[in-house]
Amino acid sequence: MLDIKWIRENPNALVDALKKRSWSEAEARSTTDDLIARDEARRAHVLKLQHAQERRNAASKEIGKAMAARDMALAEKLKAEVGDIKSFIQDGEAEARRLDRAFTDALAVIPNLPLDNVPAGKDENDNVELRKVGKVSPPANWAREHFDIGEELGLMDFERAARLSGSRFTVLRGQLARLERALGQFMLDLHTTEHGYTEVQVPLLVRDDALFGTGNLPKFEEDLFFVPHGESRLGLIPTSEVPLTNLVREEITAHEKLPLRFTALTPCFRSEAGSAGRDTRGMLRQHQFYKVEMVSITDADSSVAEHERMTACAEEVLKRLDLPFRTVVLCTGDMGFGARRTHDIEVWLPGQKTYREISSCSVCGDFQARRMNARYRDKDGKGNLFVHTLNGSGVAVGRALIAVMENYQNEDGSITVPDVLRPYMGGLERIEVK
RNA sequence: GGAGAAGUGGCAGAGUGGUUGAAUGCACCGCACUCGAAAUGCGGCAUGGGUGCAAGCCCAUCGGGGGUUCGAAUCCCUCCUUCUCCGCCA
C-alpha cells in the first residue's frame with residue numbers, strides 16, 4: 001500500500017510509475033485522480049464530523065458538571081442540545097466508515113512503485129541480464145527433459161498423480177523422492193548455518209488478513225486455494241513469504257533486532273488459474289510444490305543492500321550445486337504487484353535448452369509493512385517507522401530437482417548425485433534404472 | 001465439541017457511567033547531586049488521524065467491530081485471542 005500523503009504531493013509521479021508498469025496514460029491518470037478525490041472527500045467529511053464531536057464532548061462535560069452542581073434544569077437543557085447533534089454524529093460516523101473503506105479499497109489495488117534503477121519495459125523480453133554463472137556445455141543430442149528421465153527411471157509418476165488429484169501434480173518415488181528431500185535439507189542448512197537465517201516452521205493455512213498483508217489479496221484471489229473454516233475460510237499459502245513476512249505484522253520491532261532473517265521449507269499451493277496450457281508436461285508448474293523461502297525485515301536504510309545480499313544467498317545454492325544460471329533484473333512491466341525491484345535467477349535446463357526461473361528475490365520497501373501495520377522504533381527512539389520487507393526463493397525445490405535431473409543426467413538414463421547432496425543421500429553417487 | 005475465566009500504555013497492574021488518555025510501580029530519556037558510578041531527588045515519556053508557517057488546537061483509540069447513553073475502559077451484542085476443567089484425537 002502506498003502512502004496517500006506522498007500521492008497527494010506527487011500525483012504525477014504516481015501516474016509515471018503506473019505507466020512504467022504498462023498502464024495506459026488515461027488509466028493511470030484517472031486512477032490517480034480518483035484516489036485523490038476519494039481522499040479529499042474522506043478528509044472533508046472527517047473535518048465536519050470532528051467539529052460535531054468536539055461540540056458534543058464539550059457539552060457532555062458541562063452536563064457532568066451541572067449534575068454535580070445539582071443544576072438539573074441546566075443539565076436537561078444541555079441534554080436536549082446535544083441530542084440534536086447525536087444523530088448527525090451517528091450518520092456521520094457511518095459515512096466516515098464508508099468513505100474510508102472505499103478509499104482503502106481503491107488504494108489497496110495500486111501496485112508498488114518501481115525503484116529508479118529498474119529498467120523500463122513491457123514484458124519479460126525487456127528484462128536485463130546482470131550476470132551469467134557456470135558453464136553451459138553444448139547440449140548433447142541425447143539430453144532429455146526431466147519427465148522423460150524420471151519416467152524411464154520409474155521414479156516419477158504423472159499418470160497416477162493425475163488419478164489422485166488431476167493435472168499439475170506429481171508422484172515421486174524412491175531415490176528421486178529422497179533427492180527432492182535432500183535438496184530442501186541442503187538449502188535450509190546452507191541458509192541457517194552460513195547465511196544467518198533463522199529456520200521457522202509456519203502455518204500453511206492463513207487468514208485473509210495475512211494474504212492482504214503480502215499483497216496476494218484482494219487482487220489475486222483467483223491464484224489461491226481456500227478451504228472452508230467455520231463461517232469463514234483459510235487460504236493455502238502460495239509461498240511461505242506470506243507467513244514469514246506476516247510474522248512482524250501489527251508489531252513494533254525494536255531497531256536493535258533488525259534485520260530479521262527468516263527461512264522456511266514449505267509446500268506452496270497455487271491454482272495456476274491464468275496459466276492454462278503453459279508447461280503442462282512435467283513438474284515445472286504444479287498446484288503444489290516445495291520451496292525454501294527467505295524473508296528479511298530491515299529498517300528503511302538497509303533494504304537495498306539486503307536485496308543484493310539475499311540474491312547472493314540464492315545464487316550460492318546454485319553455485320554449490322554446480323548448476324549454470326543467469327540473474328536478471330525484471331523490467332517495470334514484468335515485476336510483481338508488491339515489488340520495487342526484483343531479481344530473477346534462471347537455471348539452465350539442458351533438456352529444454354533454455355533458462356527457467358528458479359528463484360525470484362524482491363525488495364518491497366514499506367509497501368507490505370503498511371498493509372500489515374508492521375513498524376520499528378527508530379534509532380533515536382523518536383517515531384515509529386514502517387519496516388522494509390524482502391522475500392526471495394532460496395530456491396524452488398521442485399524446480400531445483402528438475403535442474404539437477406537435467407544437468408546431471410547421463411547417456412544411460414542415470415542421474416549423478418551432486419557432491420553436496422551425497423551426505424543427504426546416504427553417500428549415493430548415482431540414481432539408476434534398477 | 002461442552003462448561004467457565006480473562007484481554008488496559010514497552011512491561012506489571014489500578015480503575016464498573018461524568019474534566020480518566022487513563023492511578024501506581026518497573027523500564028527508558030533529560031537534569032541535579034558525585035572525581036565517577038550506585039543510591040536519591042526533580043522533570044519527561046502511548047499511537048493514529050485532522051488542521052495550522054509554527055507554537056499549538058481538535059478527533060479517535062483501554063483485543064477487533066457494532067450498539068445503548070447527553071456522556072462508555074466501565075453497560076449490551078458479536079467476532080478474535082489466551083487460560084482452566086471435561087470429552088475426543090494425530
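Residue numbers begin at 1 in each chain, while the letters A, B, ... track the order of the sequences.
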Peer 1: Roughly how many Å apart are B/rG64 and B/rC58, using the P atom of each and rounding to a whole number?
Peer 2: 24 Å
Peer 1: So which nucleotide does B/rC33 pair with, by the Watson-Crick or G-U wobble rule with both distances under 3.5 Å?
Peer 2: none
Peer 1: Using the C1' atoms only, state how far B/rU81 lies from B/rU8, rounded to an integer number of Å.
Peer 2: 15 Å
Peer 1: Go nucleotide by nucleotide along RNA chain B from the 5' end; which of A/Lys61 and A/Gln90 gets its closest nucleotide reached first?
Peer 2: A/Lys61
Peer 1: What I want to find out is whether A/Arg43 reaches A/Asp39 closely enough, with some N-O distance under 4.0 Å, to be called a salt bridge.
Peer 2: yes
Peer 1: Applying the side chain to side chain donor-acceptor pair (under 3.5 Å) test to A/Ser360, which of A/Asp344, A/Thr239, A/Asn391 qualifies?
Peer 2: A/Asp344
Peer 1: Give the nucleotide from the list B/rG18, B/rG48, B/rA60 with an atom nearest to the side chain of A/Ile63.
Peer 2: B/rG18
Peer 1: Rounding to the closest angstrom, what is the interatomic distance between B/rG41 and B/rC53 at atom C1'?
Peer 2: 40 Å
Peer 1: Taking the ring centre of each residue, are A/Phe269 and A/His287 less than 6.0 Å apart?
Peer 2: no
Peer 1: Rounding to a whole Å, what distance do you find between A/Asp100:CG and B/rG48:P?
Peer 2: 16 Å
Peer 1: Return the value, rounded to whole Å, for the distance between atom CE of A/Met67 and atom C1' of B/rU19.
Peer 2: 15 Å
Peer 1: Look at the side chain of A/Lys86 and decide which nucleotide, out of B/rC59, B/rG71, B/rU19, has an atom nearest to it.
Peer 2: B/rG71
Peer 1: Taking atom C1' of B/rU68 as reference, at what distance in whole Å does atom CD of A/Glu93 sit?
Peer 2: 13 Å
Peer 1: Taking only N and O in the side chain of A/Arg43, is any of them less than 4.0 Å away from OP1 or OP2 of B/rG49?
Peer 2: no
Peer 1: Return the value, rounded to whole Å, for the distance between atom CG of A/Leu385 and atom C1' of B/rU47.
Peer 2: 14 Å
Peer 1: Considering Watson-Crick and G-U wobble pairs with both distances under 3.5 Å, what does B/rG71 pair with?
Peer 2: none
Peer 1: Is any side-chain N or O of A/Asn57 closer than 4.0 Å to OP1 or OP2 of B/rG71?
Peer 2: no
Peer 1: Using whole Å, report how far CD of A/Glu40 lies from C1' of B/rG49.
Peer 2: 17 Å
Peer 1: When you measure from the side chain of A/Arg160 to the backbone of A/Val171, do you find a donor-acceptor pair of N or O atoms at a distance under 3.5 Å?
Peer 2: no
Peer 1: If the cut-off is 4.0 Å, is A/Arg375 near the phosphate of B/rG48, judged by side-chain N/O to OP1 or OP2?
Peer 2: yes
Peer 1: For B/rG64, take OP1 and OP2 only and decide whether either is under 4.0 Å from a side-chain N or O of A/Arg207.
Peer 2: no
Peer 1: State whether A/Arg56 places a side-chain N or O below 4.0 Å from either non-bridging phosphate oxygen (OP1 or OP2) of B/rA60.
Peer 2: yes
Peer 1: My understanding is that a pair needs two contacts under 3.5 Å, Watson-Crick or G-U wobble. By that rule, which nucleotide pairs with B/rA12?
Peer 2: B/rU24
Peer 1: Between B/rU40 and B/rG4, how far is it from one P atom to the other, in whole Å?
Peer 2: 48 Å
Peer 1: Between B/rC57 and B/rG15, how far apart are the two P atoms, rounded to whole Å?
Peer 2: 31 Å
Peer 1: Quick check on the 6.0 Å ring-centre criterion: do A/Phe367 and A/His388 meet it?
Peer 2: no
Peer 1: So what's B/rU84 paired with, Watson-Crick or G-U wobble, going by both distances under 3.5 Å?
Peer 2: B/rA3
Peer 1: Does one side chain, of A/Asp189 or A/Tyr424, offer a donor that lies under 3.5 Å from an acceptor on the other?
Peer 2: yes
Peer 1: Answer with base, sugar-phosphate or nothing: what part of the nucleic acid does A/Arg370 contact at a heavy-atom distance below 4.0 Å?
Peer 2: nothing
Peer 1: Tell me the interatomic distance from A/Glu250, atom CD, to B/rC80, atom C1', rounded to whole angstroms.
Peer 2: 11 Å
Peer 1: Rounded to the nearest Å, what distance is computed from the CD atom of residue A/Gln53 to the P atom of nucleotide B/rA72?
Peer 2: 11 Å
Peer 1: Any strand is fair game: report the nucleotide pairing with B/rU61 by Watson-Crick or G-U wobble, both distances under 3.5 Å, or none.
Peer 2: B/rA46
Peer 1: Scan every strand shown for a Watson-Crick or G-U wobble partner of B/rG52, both distances under 3.5 Å, and answer none if you come up empty.
Peer 2: none
Peer 1: B/rC88 and B/rG2: how far apart are their C1' atoms, nearest whole angstrom?
Peer 2: 11 Å
Peer 1: Can you figure out which of B/rU81, B/rG50, B/rC58 approaches the side chain of A/Leu47 most closely?
Peer 2: B/rG50
Peer 1: From C-beta outward on A/Lys79, which listed nucleotide comes closest to its side chain: B/rU81, B/rC70, B/rU47?
Peer 2: B/rC70
Peer 1: Base, sugar-phosphate alone, or nothing: which one does A/Arg97 contact when heavy atoms must sit under 4.0 Å apart?
Peer 2: sugar-phosphate
Peer 1: Could you tell me how far B/rC77 sits from B/rC83 if I compare only their C1' atoms? Round to whole Å.
Peer 2: 24 Å
Peer 1: For A/Lys5 and A/Lys65, take the nucleotide of RNA chain B holding the closest heavy atom to each; which residue's nucleotide lies nearer the 5' end?
Peer 2: A/Lys65
Peer 1: For nucleotides B/rA14 and B/rA22, find the distance between their C1' atoms and express it as a whole number of Å.
Peer 2: 10 Å
Peer 1: Rounded to whole angstrom units, what separation is found between the CG atom of A/Leu234 and the P atom of B/rC80?
Peer 2: 11 Å
Peer 1: Look at the side chain of A/Arg21 and the backbone N and O of A/Asn112, then say whether any donor-acceptor pair between them is shorter than 3.5 Å.
Peer 2: yes
Peer 1: With a 6.0 Å cut-off on ring centres, are A/Phe337 and A/Phe220 close enough?
Peer 2: yes
